[in-house]
Amino acid sequence: MAAVHNMEISWALRELADILEFLGEDFFKVRAYRRAAKIIAGLERPAEELYRQGTLGKIPGIGRNILAKIGELLTKGEMEKLKALRQEVPAGILEIMALPGIGPRRARFLYEQLGVTSLEELERAAREKKVRALKGMGVKTEMEILRSIELVRRRQGEVLLPLARELARELAECVREAPGVLAVSVAGGVRRWQETVGEILLVAAAKGAEPVLGALAAHKRVREVAWQGNGGIRVQTWWGVPVELRVVKPEEYGVALVKATGSEEHCARLFALARRKGVSPEDLLFPPAAGDATQPVPEFPGAPLPQAEQEVYRRLGLWPVPPELREGGEELEAAVRPEPPRLIEPGDIKGDLHVHSDWSDGASSILQLVQRAKEKGYRYIAITDHSRSLGVARGLSLERLEEQHRFIRELNEKEKDFRVLTGVEVEILPRGGLDFPEEVLAGADVVVASIHSGFRQDRETITGRLLEAIKNEHVDIIAHPTGRLLGEREAYAVDMERVLEAAAKYGKILEINSSPDRLDLDPHYARLARQYGVKVAINSDAHDLRRLDEVVYGVAVARRAWLSPEDVVNTMDLPDLLKILGRS
DNA sequence: GCCGTTTTCGGCCCGACTGTTTTCAGTCG
């Protein structure tokens, strides 16, 4: 593992971009840094490796300057320019600039007019009604600022799942290699595939705790030790996520993993059940079996559980409950039944119905996407680039769309056992209606419709736009139905029950968007979808090759919603799928 | 900042929405 993680390089570049933007630097320069940050974050291999090989600078978007800055970070541990700029700009201003509705200009204006350099100071100024007095700002802006600050506060300390998984993987590896460790596993929200987490829990089995605790404390990602003792340690990391490790005696491993993985509710009910059944704590002691330590952070939802943990559930007369279900709902009642539900697994997915290519704002060519889809074992993939009105995403004009569909049809003539579906992600326009005329939509294999504008419209308006799209006979799938961006933007005001009702009536599919910052539908609505008889599609919405793999996050959402393969359209073989899409 | 190869300088990003305003600046996707 590289010493400097790709994420860390990406963060540094992004911070550089933010500061330069605040300072009023040229738009294109700022964008260049942002692009580079995104490119580095999307790399499949450590940038450090590529840098040493001399191939990092060959990637489009990484030019001489940015390459040199990355080099500095890799060799000296910091970027000179970033260090210097940090002196110039108080860190809190970047937080102000990150508020929705506040860009570089307003952040600068607030700073100059009110002298605010942090969220706290801005909040005070807003409460004292000083913001509304400024030129160009009013009561609404002031209220909006207070609301956004509230939102930021609430999500503080929560990170998206992929970041937590990455950190957990590194630290678990380190623990596994510590002396005397028999097994280690991540637990808690990460293991339950919760969408965001506030901490990472690790459980290890070892004869002696001290050397194991010491190994974690000495890890390079660890910033400081919060506490240590009694077989446990809690540390703060440089990535901002606290990590707690519990080291238990080998025979306690299974039950310790159960306790550390389930929600409080799940565990309380589980151990109440044990008492009712007269199962003593001694009856629940199971040491790790051979092979229990193979994968500390499960690679995909539905991965096999450690034997020691399975034994705990079996001893209580239950089938081993998958971590994604351990939320304290009805999973324990369900688990007394002889057969566990057949939850969807990544291997059930036969294709992706929402993918962007370099024809619009994707980074990869159609051929690359097709190649990767085949490698993943898919039978089909739909290329669904943006429609014309989404300018920033280089939305396709009518002519470009037709050209692309011609290209794809020609491609299919050479394909055997694989089908590239023509598609489009068509804008649901702010005033209602769709961005392409009927006859164009009629010509596509898959029409994905979604909202990218007018997020702040009222409930009636937004719901109305979605209902209109659902009623359109050519629309197949509503993508990211609530529009939320985790940690950035709340869902728009939508009456999801009416949307589901309409989707059921018109036979439309709702998406579980697998992007880790969307996960939209969420488990609650995904489950509701099934109750309404609405099928879902688990799509990646990938903008590059690597993100095709994010579909596991969507599968995790579906599992958390108790969905089976038959609830999900892209588990179907092509003929059945085409039938559902009305294209057979 | 990056890129190109009719190149080493000029193009790259644009339309819509929002809140504040009577004509527009700032923000966003």
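Hydrogens, waters and symmetry mates are skipped; everything else that's a heavy atom, side chains included, is used. A, B, ... follow the sequence lines: proteins, then strands. Residue 1 opens every chain.
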Take the protein atom CD of A:E427 and the nucleotide atom P of B:dG15, then report the distance between them rounded to whole Å.
15 Å
What's the closest nucleotide to the side chain of A:R456 if the choices are B:dC2, B:dT18, B:dC3?
B:dT18
Between B:dC28, B:dC2, B:dT18, which one does the side chain of A:P100 approach most closely?
B:dC28
Give me the atom names and distance for the closest heavy-atom approach of A:L134 to A:K130.
CG-O, 3.7 Å
B:dT27, B:dG1, B:dG29: which one has an atom nearest the side-chain heavy atoms of A:L390?
B:dG29
For a quick test of reading the model: is some side-chain N or O of A:R489 closer than 4.0 Å to OP1 or OP2 of B:dG29?
yes
Both conditions, 6.0 Å and 45 degrees, for the charged tip of A:R456 above the ring of A:Y492: are they met here?
no
Determine the interatomic distance between P on B:dT20 and the same-named atom on B:dC28; round to the nearest Å.
15 Å
Aromatic-base stack, A:F28 on B:dC2, cutoff 5.5 Å, angle under 30:
no
Between B:dG29, B:dT27, B:dC2, spot the one nearest the side chain of A:H452, thanks.
B:dG29
What nucleic acid atoms does A:L429 come within less than 4.0 Å of, heavy atoms only: base, sugar-phosphate, or nothing?
nothing
Expressed in angstrom and rounded to an integer, what is the separation of A:R132 atom CZ from B:dT21 atom P?
13 Å
Nearest-Å distance once atom P is located in both B:dC2 and B:dT6:
22 Å
Evaluate the side chain to side chain donor-acceptor pair (under 3.5 Å) criterion for residues A:S515 and A:D541: first the C-alpha distance (whole Å), next the side-chain angles of each, then the deciding distance (0.1 Å), finally the verdict.
CA-CA 7 Å; A:S515 270; A:D541 194 3; 4.7 Å; no
Using atom CZ of A:R34 as one end and atom P of B:dC2 as the other, report the distance to the nearest whole Å.
16 Å
Is it the case that the ring center of A:W11 lies less than 6.0 angstrom away from the ring center of A:W239?
yes
Rounded to whole Å, CG of A:L23 lies from P of B:dG1 at a distance of 13 Å
Checking A:E425 against A:T384: is there a side-chain donor and acceptor pair closer than 3.5 Å?
no
Using heavy atoms to find the nearest nucleotide of DNA chain B for A:L20 and A:P430 separately, return the residue whose nucleotide is more 5′.
A:L20
Distance, P atom - from B:dT27 to B:dT21, rounded to whole angstrom
16 Å
Whether A:K81 contacts B:dG1 is assessed here as follows: a side-chain N or O lying under 4.0 Å from the phosphate OP1 or OP2. Is that the case?
yes
Starting from C1' on B:dG1, measure out to CG on A:L13 and report it in whole angstrom.
11 Å
Does A:K29 make a side-chain N or O approach to OP1 or OP2 of B:dC12 shorter than 4.0 Å?
no
Closest-nucleotide 5' rank along DNA chain B - winner of A:F455 and A:G61
A:G61
Minimum-distance nucleotide (side-chain atoms of A:Q457 versus B:dT27, B:dT18, B:dT20)
B:dT18
Under a 3.5 Å limit for both distances, which nucleotide forms a Watson-Crick or G-U wobble pair with B:dT27, could you say?
B:dA16
Round to a whole Å and report the spacing from CE of A:M143 to C1' of B:dG19.
15 Å
Answer yes when A:E112 and A:R108 have at least one side-chain N-carboxylate O distance shorter than 4.0 Å, and no when they do not.
yes
Rounding to an integer number of angstrom, what distance separates B:dA16 and B:dG11 when you compare their C1' atoms?
24 Å
Residues A:S360 and A:D385: side-chain donor-acceptor under 3.5 angstrom
yes
Would you say B:dC13 has OP1 or OP2 under 4.0 Å from some side-chain N or O of A:R31?
yes
Whole angstroms only, please: what is the CZ-P distance between A:R484 and B:dG29?
16 Å
Find the distance A:F27:CZ to B:dG15:P and express it as a whole number of Å.
14 Å
With rounding to the closest Å, how many angstrom separate the C1' atoms on B:dT8 and B:dC14?
28 Å
Any A:T141 side-chain N or O less than 4.0 Å from OP1/OP2 of B:dT18
no
Using atom P in both nucleotides, what's the gap between B:dC13 and B:dG4 to the nearest angstrom?
14 Å
Nearest of B:dC3, B:dT20, B:dC13 to any side-chain atom of A:P60?
B:dC3
Would you indicate what A:I59 reaches in the nucleic acid, counting non-hydrogen atoms under 4.0 angstrom: base, sugar-phosphate, or nothing?
sugar-phosphate
